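This report concerns only the one structure given below.
Only a predicted model underlies this, so the values are computations on that prediction, with no experimental measurement involved.
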Amino acid sequence: MIRFATWNVNSLNARQQRVEQWLADIRPDIVCMQETKLADDAFPALAFESLGYESAHHGAGRWNGVAILSRAGLTGVTLGFGDDAAPDPEARLITARCGDLVVVGVYAPNGRALGSEHYEYKLRWFARLHDHLDAVTEPGDAVIIAGDFNVAPTDADVYDPAAFVTETHTSAPEREAITALAERGYTDVFRARYPDAPSVYSWWDYRRGDFHEGRGLRIDLVLATEPVADRVEWAVIDRNARKGTQPSDHAPVVVDLAD
DNA sequence: ATGGTAGAGCATCTA
(Lines give C-alpha, C1' and ligand atoms only; values in the text may rest on other atoms or scores of the structure.)
Protein backbone atom coordinates (compact mmCIF):
# COMPACT_ATOMS: atom_id res chain seq x y z
CA MET A 1 0.00 0.00 0.00
CA ILE A 2 1.14 3.52 -0.80
CA ARG A 3 -0.19 6.32 1.39
CA PHE A 4 -0.31 9.61 -0.54
CA ALA A 5 -1.11 12.98 1.02
CA THR A 6 -1.28 16.66 0.15
CA TRP A 7 -1.27 19.55 2.63
CA ASN A 8 -1.13 23.31 2.31
CA VAL A 9 0.94 23.96 5.46
CA ASN A 10 0.80 27.79 5.29
CA SER A 11 4.45 28.37 6.20
CA LEU A 12 6.74 25.49 6.98
CA ASN A 13 8.69 27.66 9.42
CA ALA A 14 5.52 28.15 11.44
CA ARG A 15 4.36 24.55 10.99
CA GLN A 16 7.48 22.33 11.07
CA GLN A 17 6.77 20.76 14.46
CA ARG A 18 3.16 20.07 13.55
CA VAL A 19 4.21 18.66 10.18
CA GLU A 20 6.75 16.33 11.81
CA GLN A 21 4.18 15.12 14.36
CA TRP A 22 1.66 14.61 11.56
CA LEU A 23 4.20 12.61 9.51
CA ALA A 24 4.81 10.41 12.56
CA ASP A 25 1.07 9.92 13.11
CA ILE A 26 -0.08 9.41 9.51
CA ARG A 27 3.10 7.90 8.06
CA PRO A 28 2.46 8.92 4.45
CA ASP A 29 4.80 7.59 1.76
CA ILE A 30 4.45 10.59 -0.55
CA VAL A 31 3.48 14.14 0.45
CA CYS A 32 2.82 17.21 -1.68
CA MET A 33 3.16 20.38 0.38
CA GLN A 34 2.07 23.87 -0.58
CA GLU A 35 2.80 27.33 0.79
CA THR A 36 6.11 26.42 2.39
CA LYS A 37 6.95 30.15 2.16
CA LEU A 38 10.62 29.21 2.00
CA ALA A 39 13.54 29.77 -0.34
CA ASP A 40 15.15 26.55 -1.54
CA ASP A 41 18.22 27.04 0.69
CA ALA A 42 15.98 27.34 3.77
CA PHE A 43 14.01 24.16 3.07
CA PRO A 44 14.69 21.64 5.90
CA ALA A 45 15.64 18.73 3.65
CA LEU A 46 17.87 17.21 6.35
CA ALA A 47 15.03 17.15 8.89
CA PHE A 48 12.85 15.26 6.41
CA GLU A 49 15.74 12.99 5.44
CA SER A 50 16.12 12.03 9.09
CA LEU A 51 12.45 10.97 9.00
CA GLY A 52 13.12 8.79 5.97
CA TYR A 53 12.04 11.09 3.16
CA GLU A 54 13.76 12.23 0.03
CA SER A 55 12.55 15.69 -0.88
CA ALA A 56 12.43 18.31 -3.60
CA HIS A 57 11.43 21.93 -3.11
CA HIS A 58 10.61 24.87 -5.36
CA GLY A 59 10.36 28.19 -3.59
CA ALA A 60 11.52 31.78 -3.59
CA GLY A 61 10.72 32.61 0.04
CA ARG A 62 8.02 34.68 1.70
CA TRP A 63 5.12 33.48 -0.49
CA ASN A 64 4.13 30.32 -2.34
CA GLY A 65 6.61 27.43 -2.37
CA VAL A 66 5.86 23.76 -3.11
CA ALA A 67 7.57 20.52 -2.16
CA ILE A 68 7.37 16.76 -2.58
CA LEU A 69 8.47 14.32 0.12
CA SER A 70 8.82 10.67 -0.81
CA ARG A 71 10.03 7.39 0.56
CA ALA A 72 8.84 5.66 -2.62
CA GLY A 73 11.56 7.11 -4.86
CA LEU A 74 12.04 10.66 -6.12
CA THR A 75 13.53 11.25 -9.56
CA GLY A 76 13.10 13.44 -12.61
CA VAL A 77 12.16 16.60 -10.70
CA THR A 78 10.80 19.50 -12.75
CA LEU A 79 10.38 22.90 -11.09
CA GLY A 80 7.57 25.07 -12.39
CA PHE A 81 6.38 24.62 -15.94
CA GLY A 82 9.82 23.60 -17.09
CA ASP A 83 9.73 26.29 -19.77
CA ASP A 84 12.81 28.45 -19.47
CA ALA A 85 11.53 30.82 -22.15
CA ALA A 86 8.54 31.86 -20.02
CA PRO A 87 9.16 30.95 -16.38
CA ASP A 88 6.26 31.29 -13.96
CA PRO A 89 7.08 34.32 -11.78
CA GLU A 90 5.73 32.43 -8.76
CA ALA A 91 6.80 29.04 -7.32
CA ARG A 92 3.60 27.03 -7.63
CA LEU A 93 4.36 23.75 -9.39
CA ILE A 94 6.66 20.78 -8.86
CA THR A 95 6.70 17.48 -10.70
CA ALA A 96 8.57 14.26 -9.97
CA ARG A 97 8.44 10.53 -10.49
CA CYS A 98 7.86 8.65 -7.23
CA GLY A 99 8.16 4.96 -7.98
CA ASP A 100 5.54 4.14 -10.62
CA LEU A 101 3.67 7.43 -10.08
CA VAL A 102 4.10 10.78 -11.81
CA VAL A 103 3.34 13.28 -9.02
CA VAL A 104 2.38 16.85 -9.92
CA GLY A 105 2.19 19.12 -6.88
CA VAL A 106 0.19 22.30 -7.44
CA TYR A 107 -0.51 25.52 -5.61
CA ALA A 108 -2.86 27.33 -7.95
CA PRO A 109 -3.05 31.13 -7.78
CA ASN A 110 -5.77 32.53 -5.50
CA GLY A 111 -7.17 34.95 -8.05
CA ARG A 112 -8.15 37.51 -5.40
CA ALA A 113 -11.08 39.11 -7.26
CA LEU A 114 -13.14 38.21 -10.33
CA GLY A 115 -11.85 40.03 -13.38
CA SER A 116 -8.66 41.22 -11.69
CA GLU A 117 -5.24 40.74 -13.23
CA HIS A 118 -4.64 38.10 -10.55
CA TYR A 119 -7.77 36.25 -11.68
CA GLU A 120 -6.58 36.36 -15.29
CA TYR A 121 -3.19 35.02 -14.16
CA LYS A 122 -5.01 32.18 -12.38
CA LEU A 123 -6.88 31.18 -15.54
CA ARG A 124 -3.72 31.39 -17.66
CA TRP A 125 -1.92 29.32 -15.02
CA PHE A 126 -4.46 26.51 -15.36
CA ALA A 127 -4.13 26.66 -19.15
CA ARG A 128 -0.38 26.26 -18.76
CA LEU A 129 -0.93 23.34 -16.39
CA HIS A 130 -2.64 21.52 -19.24
CA ASP A 131 0.32 22.19 -21.53
CA HIS A 132 2.62 20.99 -18.76
CA LEU A 133 0.70 17.71 -18.46
CA ASP A 134 1.10 17.20 -22.20
CA ALA A 135 4.83 17.68 -21.77
CA VAL A 136 5.46 15.45 -18.75
CA THR A 137 2.94 12.61 -19.15
CA GLU A 138 1.98 10.01 -21.71
CA PRO A 139 -1.47 8.47 -22.15
CA GLY A 140 -1.78 5.55 -19.79
CA ASP A 141 0.66 6.95 -17.20
CA ALA A 142 -0.17 6.66 -13.52
CA VAL A 143 -0.46 10.37 -12.66
CA ILE A 144 -1.52 12.20 -9.53
CA ILE A 145 -2.12 15.95 -9.59
CA ALA A 146 -2.55 17.11 -6.03
CA GLY A 147 -2.55 20.28 -4.03
CA ASP A 148 -4.37 23.50 -3.35
CA PHE A 149 -6.32 24.26 -6.53
CA ASN A 150 -8.05 27.32 -5.06
CA VAL A 151 -11.21 26.15 -6.84
CA ALA A 152 -14.22 24.42 -5.28
CA PRO A 153 -15.27 22.02 -8.06
CA THR A 154 -19.05 22.15 -7.39
CA ASP A 155 -21.49 23.87 -5.06
CA ALA A 156 -21.39 20.73 -2.88
CA ASP A 157 -17.84 21.84 -2.02
CA VAL A 158 -18.93 25.25 -0.73
CA TYR A 159 -20.60 26.03 2.62
CA ASP A 160 -22.67 28.86 1.16
CA PRO A 161 -22.62 28.98 -2.65
CA ALA A 162 -24.65 32.19 -2.72
CA ALA A 163 -21.96 33.96 -0.71
CA PHE A 164 -19.38 33.11 -3.39
CA VAL A 165 -21.26 34.30 -6.47
CA THR A 166 -19.24 37.52 -6.40
CA GLU A 167 -16.04 35.83 -5.20
CA THR A 168 -13.31 33.75 -6.78
CA HIS A 169 -13.03 29.95 -6.30
CA THR A 170 -16.47 29.06 -7.72
CA SER A 171 -16.74 30.96 -11.03
CA ALA A 172 -17.50 29.06 -14.23
CA PRO A 173 -14.09 29.68 -15.83
CA GLU A 174 -12.30 28.42 -12.70
CA ARG A 175 -14.49 25.34 -12.49
CA GLU A 176 -13.94 24.69 -16.22
CA ALA A 177 -10.23 24.34 -15.43
CA ILE A 178 -11.13 21.41 -13.17
CA THR A 179 -13.73 19.84 -15.47
CA ALA A 180 -11.21 20.06 -18.31
CA LEU A 181 -8.88 17.94 -16.21
CA ALA A 182 -11.74 15.50 -15.63
CA GLU A 183 -12.23 15.33 -19.40
CA ARG A 184 -8.55 14.47 -19.72
CA GLY A 185 -9.19 11.47 -17.48
CA TYR A 186 -8.40 12.86 -14.05
CA THR A 187 -10.72 11.64 -11.29
CA ASP A 188 -11.31 13.66 -8.11
CA VAL A 189 -10.64 10.64 -5.92
CA PHE A 190 -12.22 12.02 -2.76
CA ARG A 191 -15.47 12.98 -4.48
CA ALA A 192 -15.53 9.73 -6.44
CA ARG A 193 -15.41 7.79 -3.18
CA TYR A 194 -17.92 9.99 -1.36
CA PRO A 195 -20.22 11.30 -4.13
CA ASP A 196 -22.95 12.45 -1.74
CA ALA A 197 -20.93 13.63 1.26
CA PRO A 198 -22.10 17.16 2.10
CA SER A 199 -20.21 19.79 4.05
CA VAL A 200 -16.81 18.17 3.68
CA TYR A 201 -14.17 20.85 3.35
CA SER A 202 -10.39 21.19 3.32
CA TRP A 203 -9.97 24.92 3.97
CA TRP A 204 -11.52 27.28 6.48
CA ASP A 205 -10.80 31.00 6.83
CA TYR A 206 -8.97 31.74 10.07
CA ARG A 207 -11.45 34.53 10.76
CA ARG A 208 -14.88 34.51 12.41
CA GLY A 209 -14.42 31.01 13.84
CA ASP A 210 -15.18 29.55 10.41
CA PHE A 211 -13.65 26.14 11.16
CA HIS A 212 -15.72 25.59 14.28
CA GLU A 213 -18.84 26.91 12.54
CA GLY A 214 -18.34 24.59 9.57
CA ARG A 215 -17.86 27.36 7.00
CA GLY A 216 -15.32 26.00 4.56
CA LEU A 217 -14.45 25.05 1.00
CA ARG A 218 -13.11 21.84 -0.51
CA ILE A 219 -10.30 23.24 -2.63
CA ASP A 220 -7.49 20.77 -1.86
CA LEU A 221 -7.84 17.97 -4.36
CA VAL A 222 -6.21 14.72 -5.39
CA LEU A 223 -6.82 14.10 -9.08
CA ALA A 224 -5.66 10.83 -10.58
CA THR A 225 -5.61 9.03 -13.90
CA GLU A 226 -7.41 5.69 -14.14
CA PRO A 227 -4.43 3.45 -13.31
CA VAL A 228 -4.17 5.30 -9.97
CA ALA A 229 -7.88 5.91 -9.34
CA ASP A 230 -8.49 2.17 -9.70
CA ARG A 231 -6.08 1.56 -6.80
CA VAL A 232 -7.75 3.88 -4.28
CA GLU A 233 -8.56 1.98 -1.09
CA TRP A 234 -9.30 4.89 1.23
CA ALA A 235 -9.51 8.66 1.09
CA VAL A 236 -10.01 11.15 3.89
CA ILE A 237 -9.66 14.82 4.72
CA ASP A 238 -7.73 14.89 7.98
CA ARG A 239 -9.71 17.44 9.99
CA ASN A 240 -7.70 16.63 13.11
CA ALA A 241 -4.75 18.45 11.55
CA ARG A 242 -6.86 21.65 11.43
CA LYS A 243 -7.51 21.53 15.19
CA GLY A 244 -5.50 22.59 18.21
CA THR A 245 -2.87 25.28 18.53
CA GLN A 246 -1.43 27.08 15.51
CA PRO A 247 -3.02 24.99 12.77
CA SER A 248 -2.69 25.66 9.07
CA ASP A 249 -5.91 27.01 7.58
CA HIS A 250 -5.97 23.85 5.39
CA ALA A 251 -6.47 20.19 6.33
CA PRO A 252 -4.48 17.46 4.56
CA VAL A 253 -6.08 15.07 2.09
CA VAL A 254 -4.86 11.49 2.53
CA VAL A 255 -5.33 8.69 -0.04
CA ASP A 256 -4.28 5.05 0.28
CA LEU A 257 -3.40 3.19 -2.94
CA ALA A 258 -3.23 -0.56 -3.28
CA ASP A 259 0.11 -1.91 -4.49
C1' DA B 1 -21.08 48.51 9.80
C1' DT B 2 -17.39 46.02 3.78
C1' DG B 3 -15.89 43.81 9.81
C1' DG B 4 -12.64 39.12 11.10
C1' DT B 5 -7.12 36.12 11.69
C1' DA B 6 -2.69 34.27 10.49
C1' DG B 7 2.08 34.60 8.44
C1' DA B 8 6.20 37.20 6.82
C1' DG B 9 8.61 40.81 8.50
C1' DC B 10 8.49 45.55 10.16
C1' DA B 11 4.79 48.72 6.51
C1' DT B 12 1.96 46.37 4.41
C1' DC B 13 1.05 42.43 1.36
C1' DT B 14 -1.14 37.91 0.77
C1' DA B 15 -4.53 34.64 1.67
Output the rounded distance in Å from [atom1] ([X]) to [atom2] ([N]).
X         : N       : atom1 : atom2 : value
Asn64(A)  : dA15(B) : CG    : C1'   : 10 Å
Asp205(A) : dG3(B)  : CG    : C1'   : 12 Å
Tyr206(A) : dG7(B)  : OH    : C1'   : 8 Å
Arg242(A) : dA15(B) : CZ    : C1'   : 13 Å
Phe211(A) : dT5(B)  : CZ    : C1'   : 15 Å
Arg207(A) : dT5(B)  : CZ    : C1'   : 7 Å
Glu35(A)  : dC13(B) : CD    : C1'   : 13 Å
Arg18(A)  : dG7(B)  : CZ    : P     : 10 Å

Per nearest nucleotide of DNA chain B, the residue lying toward the 5' end, Pro109(A) or Pro247(A), is Pro247(A)
Rounding to the closest angstrom, what is the interatomic distance between dA11(B) and dA1(B) at atom C1'?
->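 Going atom to atom, C1' in each nucleotide, I get 26 Å.
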Distance between the C1' atoms of dT14(B) and dG9(B), in whole angstroms?
->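 One C1' to the other, the span is 13 Å.
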Scan Tyr107(A) against the nucleic acid and name what it touches under 4.0 Å (heavy atoms): base, sugar-phosphate only, or nothing.
-> sugar-phosphate
Which part of the nucleic acid, if any, lies within contact of Arg92(A), taking any heavy atom under 4.0 Å across all strands shown: a base, the sugar-phosphate backbone alone, or nothing?
-> sugar-phosphate
Show me the protein contacts with nucleotides 8-11 of chain B, counting only N or O atoms at under 3.5 Å.
from   : atom 1 : to       : atom 2 : distance (Å)
dA8(B) : OP1    : Ser11(A) : OG     : 2.2

Could you check whether the rings of Trp203(A) and His250(A) sit parallel, tilted or perpendicular, using 30° and 60° as the cut-offs?
-> tilted
For dA6(B), take OP1 and OP2 only and decide whether either is under 4.0 Å from a side-chain N or O of Arg15(A).
->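 It does not, given that no N or O in the side chain of Arg15(A) lies less than 4.0 Å from OP1 or OP2 of dA6(B).
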Do Leu114(A) and Glu167(A) come close enough that some side-chain heavy atom pair is under 4.5 Å?
-> no
Quick check: does any side chain N or O of Arg239(A) sit under 3.5 Å from a backbone N or O of Ala251(A), one acting as donor and the other as acceptor?
-> no
Would you find a donor on one side and an acceptor on the other, under 3.5 Å apart, between the side chain of Ser248(A) and the backbone of Asn8(A)?
->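 Yes; at least one donor-acceptor contact below 3.5 Å.
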Please list all pairs passing the side-chain hydrogen bond (donor to acceptor under 3.5 Å, both in side chains) test where one or both residues lie in residues 134-144 of chain A, with sequence neighbours left out.
-> Asp134(A)-Arg184(A)
Asp249(A) and Arg242(A): CA distance, side-chain angles, deciding distance, salt bridge (Lys or Arg N to Asp or Glu O under 4.0 Å) verdict | CA-CA 7 Å; Asp249(A) 46 350; Arg242(A) 181 63 173 77; over 6 Å; no
With sequence neighbours excluded, give me every salt bridge (charged side-chain N to carboxylate O under 4.0 Å, His left out) pair touching residues 107-127 of chain A.
->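 Checked against salt bridge (charged side-chain N to carboxylate O under 4.0 Å, His left out) - neighbours excluded - the pairs reaching residues 107-127 of chain A are Lys122(A)-Glu174(A).
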